K.L.:
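My questions will all concern the structure given below.
Below, chains carry the letters A, B, ... as their sequence lines are ordered, and counting in each starts from 1. From a predicted model like this one, the values you see are computed outputs, not experimental measurements. Values reported hereafter were calculated over all heavy atoms of this structure, with side chains retained and with hydrogens, waters and symmetry mates removed.
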Amino acid sequence: MLDLSFVRDNLELVKQKMRERGLADVLGDFEALDRERRKLLGEVESRRARRNKVSDEIASLKKRKQDASQLIAEMKPLSEEIQQLDEQAKACDERLREVLRIVPNVPHSSVPVGRGAEDNQEVRRWGEPRQFDFEPRAHWDLGPALGILDFERATKIAGARFAVYAQVGARLERALANFMLDLHTREHGYTEILPPFIVNSASLFGTGQLPKFQEDLFKLEGTDYWLIPTAEVPVTNLYRDEVLEAEKLPVKHCAWTACFRSEAGSYGKDTRGIIRQHQFQKVELVKFTVPETSYDELESLTRDAETILQRLELPYRVVALCTADLGFSSAKTYDLEVWLPAAREYKEISSCSNFEAFQARRANLRFRRSKAGKTEFLHTLNGSGLAIGRTWLAIIENYQQADGTVIVPPALRPYLDGLERITRQT
RNA sequence: GGAGAGGUGGCCGAGUGGCUUAAGGCGGCGGUUUGCUAAACCGUUGUACGGUCAAAAGCUGUACCCAGGGUUCGAAUCCCUGCCUCUCCGCCA
């Protein structure tokens, strides 16, 4: 959420930035609502001031056992007026807040201006896509052939966009989670969190999924509980309504969770394989920082995520999302895209974002520079480190051999009892 | 699921309709005393949204005692609804 007075004082800038996102009208009648709200506030507050004053007079008259009935009679219509004006002011305030709740973050000045995904800018590449002397197969062929991935039974027990991992396939998923968590906790200084996979709507509002993106989520019927679409939600909300001490920042957490997404509106997209599932696992990196370091922290968070791909020796590139492709809450985002040889393309495997104070304002995440100082909103960042299902399939595809077996990347072997090659499971 | 007890400032905790602009304490900040530290003593204390101002400071107004309604000239206080926490019982990995 943007700051009300920031929007008021920088209206043209905000409008321009929204146009760059491709959202010309998102501010609606902000100006008129803001003016109206301030007018009503003034009217209701001056009447309240009068009521408070006269109430004191009534009290002192009564204390002296004098008659206050005339003043009380005078106050009755004033109270009704206050109630009416207050209702108008509240309605106006609510409409203004509704506008603010659906206005996305202002893109950082370094974000490339663009009209769609084609305007995203490649920042760097790492690794050379392997040259195959045979036609590389997609994971949805290799996985079932190896007996480590089963779509048919997943469809039976749940439905489309689910998968069953079997035997060494299941173990590979678990190994990847441990490998990622160990790396980030031991070498990158993140402390591990295992949060609830179910959250309330206040948490989803805090990170920006609600109220606008309800249809992307699974809700538990008859409750205020939702399945998390990413660990970003519970972990960012850990310190909601708290004041952190500046010297403790940055706070860096990593968390492994399952993630659940309804994928409404993506029918027909990535329908084969495990690229786009209703349930997947992810290790998430989350940072809480002071405002002046958040862009440095975005660079290092992105590099922390890249390290996973480098250790697994998977070729990838880093892409800076343009204004049109930027997520709702984000001020700047780098996507990591891993090379998929069967499709011959780079595919998103991580998204690293700086939200500046956008989520902090929604979730009331504050810090204090000194014990006597004022509280300020901190900055939040997060990134996948990495999406485990997509890492799994990237390994299967990039390390496949002509005979259909898969070499295990050396960095992962300690997590699989030294296993060097995935062969057909029986 | 059943029974009960609660929710007050950064924290603890008083407060049964108007001398409460929320007592008192802790903590924080400033000061006095002190060779230093500690102690003692004195003062001070939150958030949000408005107004004033070129702006800041300052001044000023309103709101905030879990949330939302209601009663009343006036609500932390009385009434209703909801949420949350704790204790005990039941069920349960």
K.L.:
List in chain and number order the residues that pass side chain to side chain contact (heavy atoms under 4.5 Å, CB included) with A:N52, two or more places apart in sequence or in another chain; answer none if no residue qualifies.
P.N.:
none

K.L.:
What is the distance, rounded to the nearest whole Å, between atom NZ of A:K39 and atom C1' of B:C49?
P.N.:
18 Å

K.L.:
Does the structure show a Watson-Crick or G-U wobble partner for B:G50, both distances under 3.5 Å? Name it, or say none.
P.N.:
B:U60

K.L.:
B:G17 and B:C79: how far apart are their P atoms, nearest whole angstrom?
P.N.:
12 Å

K.L.:
Would you call A:D93-A:R37 a salt bridge at under 4.0 Å N-O?
P.N.:
yes

K.L.:
If the threshold is 4.0 Å, N to carboxylate O, is there a salt bridge linking A:E45 and A:R38?
P.N.:
no

K.L.:
Separation of A:D56 atom CG from B:C19 atom P, in whole Å?
P.N.:
7 Å

K.L.:
Spell out protein contact along nucleotides 61-66 of chain B as letters: B when the base is contacted, S when just the sugar-phosphate is, - when no protein heavy atom is under 4.0 Å; keep the 5' to 3' order.
P.N.:
BBS---

K.L.:
My understanding is that only residues two or more places apart in sequence, or in another chain, count here; which of them pass side-chain hydrogen bond (donor to acceptor under 3.5 Å, both in side chains) with A:S330?
P.N.:
A:T333

K.L.:
Expressed in whole Å, how much space separates the P atoms belonging to B:U72 and B:U60?
P.N.:
34 Å

K.L.:
Rounded off to whole Å, could you give me the CE-to-P distance for the A:M75 and B:C73 pair?
P.N.:
11 Å

K.L.:
Let me see the working for A:Y399 and A:W392 under ring-ring contact (aromatic ring centres under 6.0 Å, His included), right down to the final yes or no.
P.N.:
CA-CA 11 Å; A:Y399 282 90; A:W392 189 100; over 10 Å; no

K.L.:
Examine B:G51: is either OP1 or OP2 under 4.0 Å from a nitrogen or oxygen in the side chain of A:R38? Give yes or no.
P.N.:
yes

K.L.:
Within the pair A:Q83 and B:G70, is there a side-chain N or O less than 4.0 Å away from OP1 or OP2?
P.N.:
yes

K.L.:
By a strict heavy-atom criterion of less than 4.0 Å, which residues belonging to residues 2-10 of chain A are in contact with RNA chain B?
P.N.:
A:L4, A:R8

K.L.:
In whole angstrom, give the distance that lies between atom CD1 of A:I82 and atom C1' of B:A75.
P.N.:
14 Å

K.L.:
Which residues satisfy the side-chain hydrogen bond (donor to acceptor under 3.5 Å, both in side chains) test with A:R362, sequence neighbours excluded?
P.N.:
none

K.L.:
Using the C1' atom on both, measure B:C66 against B:U77 and round to a whole Å.
P.N.:
16 Å

K.L.:
Run the side-chain hydrogen bond (donor to acceptor under 3.5 Å, both in side chains) test against A:R171 and tell me which residues pass, sequence neighbours left out.
P.N.:
A:D417

K.L.:
Between A:E81 and A:R47, is there a side-chain N and carboxylate O pair less than 4.0 Å apart?
P.N.:
yes

K.L.:
Which nucleotide, B:G69, B:C73, B:C49, lies nearest any side-chain atom of A:L41?
P.N.:
B:C49

K.L.:
Measure CD1/A:I72 against C1'/B:G18 and give the value in whole Å, please.
P.N.:
11 Å

K.L.:
Using the test ring pair (Phe, Tyr, Trp, His ring centres under 6.0 Å), find all partners of A:H253 that sit at least two apart in sequence or belong to another chain.
P.N.:
A:Y239

K.L.:
Mind listing the N/O atom pairs, protein and nucleotides 44-46 of chain B, below 3.5 Å?
P.N.:
none

K.L.:
Kindly compute the distance separating CG (A:D335) from CG (A:L321), expressed to the nearest 0.5 Å.
P.N.:
4.0 Å

K.L.:
Between the protein and nucleotides 54-56 of chain B, list every N/O to N/O distance that falls short of 3.5 Å.
P.N.:
none

K.L.:
Which ring-ring contact (aromatic ring centres under 6.0 Å, His included) pairs, counting each pair once, include a residue from residues 9-30 of chain A, with sequence neighbours left out?
P.N.:
none

K.L.:
A:K76 has an atom NZ; how far is it from atom C1' of B:C73, in whole Å?
P.N.:
8 Å

K.L.:
Rounded to the nearest Å, what distance is computed from the CG atom of residue A:D241 to the P atom of nucleotide B:U47?
P.N.:
15 Å

K.L.:
What is the distance from CG of A:L61 to C1' of B:C19, rounded to the nearest Å?
P.N.:
14 Å

K.L.:
If you find the nucleotide of RNA chain B closest to A:R97 and the one closest to A:S60, which residue's nucleotide is nearer the 5' end?
P.N.:
A:S60

K.L.:
For the P atoms, the ones on B:U21 and on B:G28, what distance do you get once it is rounded to whole angstrom?
P.N.:
29 Å

K.L.:
Rounding to an integer number of angstrom, what distance separates B:C78 and B:U16 when you compare their P atoms?
P.N.:
8 Å

K.L.:
Using the test side-chain hydrogen bond (donor to acceptor under 3.5 Å, both in side chains), find all partners of A:D29 that sit at least two apart in sequence or belong to another chain.
P.N.:
none

K.L.:
Quick one: salt bridge (charged side-chain N to carboxylate O under 4.0 Å, His left out) pairs with a partner in residues 176-191 of chain A, sequence neighbours left out?
P.N.:
A:D182-A:R186, A:E187-A:R311

K.L.:
A:G208 and A:S329: which non-hydrogen atoms are nearest, and at how many Å?
P.N.:
CA-OG, 3.7 Å

